[in-house]
Amino acid sequence: MLKKKIIFLLGPTGVGKSAVAISLAKKINAQIISCDSMQVYRSMDILTSKVTFGQRKKVKHHLIGVINPEQEYNVAKYRQEALAICDKLFRKGKIPLFVGGSGLYYSMIVDGLFPAVPQDKLIRLKLEKQLKLKGNKYLYRLLTKVDSAAAAKIHPHDARRIIRALEVYLKTGTRISQLQKNRVGLGKEYAVKIFGLNSKRQSLYDAIDQRVDKMFNRGLINEVKRLIKHKLSRTAKCAIGIGELKGYFAGEYSLAEAKRLMQCNSRHYAKRQLTWFRKDKRIQWININKMETPSQLALKLWKKLS
RNA sequence: GCCGAGAUAGCUCAGUGGUAGAGCGCGGCCCUGAAAAGGCCGGCGUGGGGGGUCCGAUUCCCUCUCUCGGCA
């Protein structure tokens, strides 16, 4: 039986994945599935550097602008939706091309998520309250008692992960460290190709700085002004640019400073993405050295698909 | 030209007669239902040049250069 092809194109923010992906998709009759935790939101087009509608007409893009920014989103939802789209594409004889930079989302598609233990609002609230009252040391000690393996992996300051681990234990009576062993990723029926796009650090940072400049020229300020009239979900409001511009709107600092902060935070983000991807030895890296066009890069990738 | 202040990490600046720190930046790392989030680790240095005092100078003295104020 012929294996089902799935292709991933990963890389840090601003490296130029989108254009390459479109060019590649056209060559191989693929459709693009975004692998981006922020582009799933509507009304955040400039902010998250979505590809234009015109470009999206050339190649069908999935999971871009499908969620209301007032709603929360997470990996589990993403995985479910992305895999459903994958199946649909296979039935149509199309190749799914995942494109994005959200390392966790990528990893949960390829390597799987442990059996469903969704968030539990009540348990969460209780734990968050305890965190405020008694501090993270208290919660960490609690975790050490119920799941020492998880505690060993989590830093005592990392409140978010401590809470999640406790939540899983309190809800199911099973340790998260135990559950994490049961991951089901993409099976043998798939032929998976994973590419990473990267460039020299300085060029990447220059590109990021320029991209933020362009966002402002395209009307970022108005977009964010419109956006923050609504009560954004705690996931949506994490997009780089919202907090930075809010500070400016509140008169805490100048517009130039807001821009500087955005550039700085985007660079930090890109650096963390690279750390995440670097350890994944399945990724075939394509380094952009010269003035290669997206279609030239796509051709390079295409040749490696053979 | 005169007077004053200063010159220390990529930037802004502390500090000390026994070869130096902080914040930011920068680098590395962790990551399983918030992931553009959250957390951890790392000082990356010809102390402006030259001379002197001293066992020893980044620190004290002299001088030069430069920068910033003020007066001309």
Side-chain angles (χ1 to χ4, degrees), chain A residues 11-14 34-41 44 47-50 67 69 71-81 100-121 123-124 127-128 131 136 139-140 147 149-150 152-168 171-172 174-185 201-202 204-205 208-209 211-212 215 224 232-245 257 260-280:
Chain A
T13 185
S34 164
C35 186
D36 188 300
S37 65
M38 287 300 162
Q39 290 194 4
V40 292
Y41 288 110
M44 295 172 45
L47 191 66
T48 64
S49 297
K50 288 178 193 166
I67 304 290
Q71 289 185 301
E72 278 194 36
Y73 199 70
N74 63 45
V75 216
K77 285 180 188 166
Y78 173 77
R79 181 176 139 87
Q80 194 186 3
E81 285 162 15
S102 294
L104 180 69
Y105 284 20
Y106 149 73
S107 163
M108 293 307 115
I109 295 288
V110 175
D111 298 319
L113 200 65
F114 68 78
V117 181
Q119 280 182 30
D120 184 304
K121 283 263 167 355
I123 295 176
R124 282 246 153 170
L127 288 170
E128 273 158 19
L131 176 73
N136 46 22
L139 286 185
Y140 188 72
D147 185 350
K153 268 182 69 179
I154 300 171
H155 188 96
H157 292 174
D158 199 345
R160 210 167 274 191
R161 290 201 170 75
I162 297 170
I163 285 179
R164 172 62 180 159
L166 285 171
E167 174 188 48
V168 169
K171 191 165 184 188
T172 64
T174 311
R175 301 181 189 96
I176 194 171
S177 58
Q178 197 57 43
L179 291 169
Q180 282 172 347
K181 290 174 186 163
N182 306 318
R183 299 177 74 172
V184 182
R201 190 64 64 94
Q202 194 52 56
L204 178 65
Y205 283 1
I208 286 171
D209 289 351
R211 192 158 85 158
V212 171
M215 285 182 192
V224 174
L232 300 180
S233 69
R234 64 173 181 173
T235 45
K237 75 178 174 201
C238 286
I240 292 172
I242 294 177
E244 292 85 343
L245 280 174
E257 175 64 3
R260 212 210 90 236
L261 285 170
M262 275 182 73
Q263 289 168 328
C264 188
N265 291 332
S266 300
R267 288 196 300 268
H268 291 339
Y269 170 49
K271 187 165 133 33
R272 267 181 285 133
Q273 287 176 299
L274 286 168
T275 299
W276 180 287
F277 292 135
R278 201 154 30 215
K279 71 176 172 186
D280 191 327

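Throughout, a chain's letter reflects where its sequence line sits, starting with A, and its residues are numbered from 1. Everything numeric in this text was worked out from a predicted model, so none of it was measured.
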Once you apply the 3.5 Å cut-off to both distances, tell me the Watson-Crick or G-U wobble partner of [N], or none.
N     : answer
B:C40 : B:G28
B:C54 : none
B:U16 : none
B:G33 : none
B:U67 : B:A5
B:G23 : B:C11

Compare side-chain N and O positions of [X] against OP1 and OP2 of [N] and report whether any pair is under 4.0 Å apart.
X      : N     : value
A:R160 : B:C31 : no
A:R161 : B:U32 : yes
A:Y78  : B:G33 : no
A:R272 : B:A37 : yes

[atom1] gap between [N] and [M], integer Å:
N     : M     : atom1 : answer
B:G43 : B:A5  : P     : 36 Å
B:G17 : B:G52 : C1'   : 15 Å
B:C55 : B:G49 : P     : 24 Å

Using the side-chain heavy atoms of [X], tell me which of these nucleotides is nearest: [options].
X      : options             : value
A:R201 : B:C31, B:G27, B:G33 : B:G27
A:A76  : B:C29, B:G33, B:C40 : B:G33
A:C264 : B:G25, B:G33, B:A37 : B:G25

Determine whether more than 12 heavy atoms belonging to other residues, nucleotides or ligands lie under 6.0 Å from atom CD of A:Q80. no
Tell me which of A:A236 and A:K271 sits closer to the 5' end of RNA chain B, going by the nucleotide each one is nearest to. A:K271
I want to confirm an ordering. Mapping A:V117 and A:R211 to their closest nucleotides on RNA chain B, which one lands closer to the 5' end? A:V117
Is it true that a side-chain atom of A:E167 and a backbone atom of A:D120 form a donor plus acceptor pair closer than 3.5 Å? yes
Answer yes when A:K50 and A:D36 have at least one side-chain N-carboxylate O distance shorter than 4.0 Å, and no when they do not. no
Using 30° and 60° as the class limits, which term best fits the ring planes of A:F277 and A:Y106: parallel, tilted or perpendicular? perpendicular
